[in-house]
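First the structure, in the form of structure tokens, and then the observations on it.
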Amino acid sequence: VVSCGAMIAGYAQFGQGHLALELFKQMQLDDLKPNKVVHLCILKACGSIGAIDEGMLIHGQIVDNGFDMDVVVGSSLIDMYAKCGVYEEARKVLDDLPGRDVISWGAIISGFAQDNQGLPALEVFDKMQQEGVKPDKVSILCALKACGALGGIDQARLIHKEVIRSDLANDLAIGNTLVDMYAKCGSLEDSQKVLETLQNQDIVSWNAMIAGYAQHGLYGLAQQCLENIQEQGFKPD
RNA sequence: CCGAGGGUUUCAGGGA
């Protein structure tokens, strides 16, 4: 079971969801009883390929095994349902999950944000805080992405302010997401400002800025930005 | 006793 589990984990992590599912089915044909970790990996696989039918089947097995009250398993279920776009079910699992934490909430927020559903993402983000759960880096990343999807510049500035006062003020992933978010909100000046104040920049920072200019038809500025980074010795990808 | 386990930022191309 453990060696199969390790294989399934590998497949799931490398985006080979179908192979993971195949191996999982083979396991069951061989009468090997999946443990908790195998369930977690297979849920990830289901989410990544949108295999909702398989996912619901696994959910049933998890309930039968009494694993469904485990916060890690519960969060994986939420993630699976959210990635499959079945938000009502994701929400139901979240509401019934004892000890739900910032990751459980983050799974739904991420699902909405990834799906360009900015408004519901931010609603859940607020609800989480109303319940006294403090946002962490990942949930903030997702909330910022949601602002970008929504074009909600006011919400964006609000969250940005909070970020500045937090220990994430100099975080590169957060900074990159801010650059992208402001660009998607149509405020390229803000993007540029954030980019310039980053302590370090990487390829993602530049790409976000260039894409922002390009998507607003500012081809000259996009070009200029590209030349800038090359002058600084960075290689575009 | 050991190993495997949860939400994570940017960008391109063809067809229906």
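Below, chain A is the first sequence line, B the second, and so on; all start at residue 1. Heavy atoms only: backbone and side chains are in, while hydrogens, waters and symmetry mates are out. This one's a predicted model, so the numbers in the text were calculated from it and none came from an experiment.
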To the nearest Å, give me how far apart CD1 (A/Ile140) and C1' (B/U8) are. 12 Å

Could you check whether A/Asp202 gets within reach of a base, just the sugar-phosphate, or nothing at all, counting any heavy atom under 4.0 Å? nothing

So does A/Lys36 pair up with A/Asp70, basic N to acidic O under 4.0 Å? yes

How would you label the contact of A/Val102 with the nucleic acid (heavy atoms, under 4.0 Å): base, sugar-phosphate, or nothing? base

For a quick check of understanding: with a heavy-atom distance under 4.0 Å over all strands, which category does A/Gln201 fall into, base, sugar-phosphate or nothing? nothing

Name the nucleic acid region contacted by A/Asp171, choosing base, sugar-phosphate or nothing; use a 4.0 angstrom heavy-atom cut-off, strictly under. nothing

What does the 5'-to-3' dot-bracket notation of RNA chain B look like when only Watson-Crick and G-U wobble pairs under 3.5 Å count, and pairs to other strands show as |? ................

Indicate for each nucleotide in nucleotides 10-16 of chain B, in 5' to 3' sequence, whether protein heavy atoms under 4.0 Å reach the base (B), only the sugar-phosphate (S), or nothing (-). BS-----

So, A/Tyr87 versus A/Phe112, ring centres under 6.0 angstrom or not? yes

Quick one: A/Tyr81 OH to B/G7 P, roughly how many Å, whole number? 17 Å

What pairs with A/Lys145 under side chain to side chain donor-acceptor pair (under 3.5 Å), at least two apart in sequence or on another chain? none

Any A/Lys44 side-chain N or O less than 4.0 Å from OP1/OP2 of B/G7: yes

Considering only residues two or more places apart or on different chains, which pairs with a residue in residues 165-176 of chain A satisfy side chain to side chain donor-acceptor pair (under 3.5 Å)? A/Lys137-A/Asp171, A/Asn176-A/Asp202, A/Asn176-A/Ser205

Below the 4.0 Å mark, does B/G7 have OP1 or OP2 next to a side-chain nitrogen or oxygen of A/Ser139? no

Is a salt bridge present between A/Glu162 and A/Arg157, judged by a nitrogen-to-oxygen distance below 4.0 Å? no

Any residue meeting salt bridge (charged side-chain N to carboxylate O under 4.0 Å, His left out) with A/Lys184, in chain and number order, not counting sequence neighbours: A/Asp180

Residues sharing A/Val204's hydrophobic cluster, by side-chain heavy-atom contacts under 4.5 Å among ILVMFWY, directly or via others? A/Ile203

Are A/His160 and A/Tyr182 an aromatic pair, judged by ring center distance below 6.0 Å? yes

Pair A/Tyr213-A/Gln192, side chain to side chain donor-acceptor pair (under 3.5 Å): steps then yes or no: CA-CA 10 Å; A/Tyr213 283 132; A/Gln192 186 73 44; 2.5 Å; yes

Minimum-distance nucleotide (side-chain atoms of A/Ala173 versus B/U9, B/G7, B/G5): B/U9

What nucleic acid atoms does A/Val71 come within less than 4.0 Å of, heavy atoms only: base, sugar-phosphate, or nothing? base

